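Comments concern the structure below.
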Amino acid sequence: MIDLHCHLDLYPDARNLAREVASRNLFTLVVTTSPRAWRATSAVFRDYTNIKVGLGLHPEVAEQKANERWDLVELVGKSRFIGEIGLDGSPRFRSSLELQISILEDALAECERHDDRILSLHSRGATSTVLDQIARYPAAGKVILHWFSGTQKELERAIELGCWFSIGPAMLASEKGQQLAKNMPIERVLPETDGPFATRAGIALMPWQAIDIVWSMASAWRIREEELRERLRANLAALLNHSCDSNPLVMRRSC
Ligand code: MN
């Protein structure tokens, strides 16, 4: 139904897959890993009004793609959706953390110069540093923390900072992920897959499987699955600033 964070451009046969995604999902945010990828992917998916492409520079490739950081800043004015950006402080990528921070700062500062940006942020192993940055650039836009994996305290700080959260079946596969998700404010949560990187039983999650989070989250939040689906549609409308709430046709025309 909704996938707020996937790498549709990186699935095999992405062009044909996009057609199916556009018809099965109400809305899909395709995040990219570099400004160059954003340009190419935007062109390929241009005809799908309910597939949006985020301008990104993934922290895991900060070093390899450092020469694209100025493109990132320059293109922020051209893309309402920004992502995947953020920080990765896990052992493999910690060595580029300073560079990652500097790129993130530039991106957030540029977002502050434009209205209405929607950002999908990566924060693995660097949650509190990401939150520090979000606090420094409060006018950057609506910030969605994708696959949040911080502590309960960090979650509380993120909520205070006004962050949104995108959660997926892969995150909910762990006890910790489930516990965090349960403590998120229901009105600021959206489904994601992070496919094709995120998998279930060894198979890449497909963008229409993000909504499977209702299976466990409906009971975690003690509401009916159908109610939760409605809630998620309303959340999407609120994120995109649509007063038309859950009418998918209206949403498709104007977002
Ligand atoms: Mn991702």
Side-chain angles (χ1 to χ4, degrees), residues 2-12 14 17-18 21 25 27-42 44-45 51-65 68 72 79-90 92-94 96-97 100 103-104 107-108 117-127 129-130 133-134 141-150 158 163-174 177 180-181 184 189-200 202-213 239:
I2 297 166
D3 188 347
L4 240 285
H5 182 114
C6 70
H7 299 266
L8 185 55
D9 56 329
L10 302 179
Y11 285 82
L17 182 59
V21 169
N25 270 8
F27 183 89
T28 304
L29 176 60
V30 179
V31 290
T32 59
T33 54
S34 75
R36 190 192 297 249
W38 175 79
R39 278 201 180 92
T41 305
S42 300
V44 172
F45 298 152
I51 297 179
K52 299 294 177 191
V53 181
L55 166 70
L57 206 171
H58 199 292
E60 290 177 12
V61 295
E63 233 150 34
Q64 296 100 292
K65 313 257 178 184
E68 291 189 57
L72 177 72
S79 183
R80 184 182 184 202
F81 297 91
I82 309 296
E84 182 165 0
I85 59 170
L87 303 178
D88 194 306
S90 59
R92 231 177 112 199
F93 304 105
R94 200 175 291 155
S96 68
L97 199 54
Q100 295 176 36
I103 294 171
L104 179 62
L108 294 175
R117 302 295 103 160
I118 294 173
L119 297 77
S120 183
L121 257 66
H122 177 110
S123 56
R124 183 175 54 200
T127 309
T129 316
V130 166
Q133 294 300 331
I134 294 168
K142 291 198 185 103
V143 172
I144 309 158
L145 294 171
H146 119 81
W147 200 328
F148 183 88
S149 57
C163 294
W164 292 62
F165 304 90
S166 56
I167 65 177
M171 170 178 167
L172 298 179
S174 79
L180 285 167
M184 289 170 182
V189 168
L190 285 156
E192 69 161 38
T193 56
D194 203 16
F197 300 118
T199 59
R200 182 161 55 196
I203 299 163
L205 284 158
M206 302 306 275
W208 50 84
Q209 294 177 315
I211 194 62
D212 294 353
I213 64 163
L239 179 81

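Computed from a predicted model, the values in this text were never measured in an experiment. When a ligand or atom number is given, it counts from 1 through the structure's own listing order.
Residues passing the salt bridge (Lys or Arg N to Asp or Glu O under 4.0 Å) test with R39, sequence neighbours excluded: none. For D9, the salt bridge (Lys or Arg N to Asp or Glu O under 4.0 Å) criterion is met by no residue, not counting sequence neighbours. In this structure, the side-chain contact (heavy atoms from CB on, under 4.5 Å) partners of A204, at least two apart in sequence or on a different chain, are Y11, P196.
Listed by chain and number, the protein atoms of type N/O/S under 2.8 Å from the Mn ion (ligand 1) are H5 NE2, H7 NE2, E84 OE1, D194 OD1; waters are omitted.
Note: H122 and H146 have tilted aromatic rings, judged against thresholds of 30 and 60 degrees for the angle between ring planes. Aromatic ring pairs are classed by plane angle as parallel below 30°, tilted from 30° to 60° and perpendicular above 60°; the pair F27 and F81 is tilted.
If you check the side chains of S166 and H5, you find no donor sitting under 3.5 Å from an acceptor.
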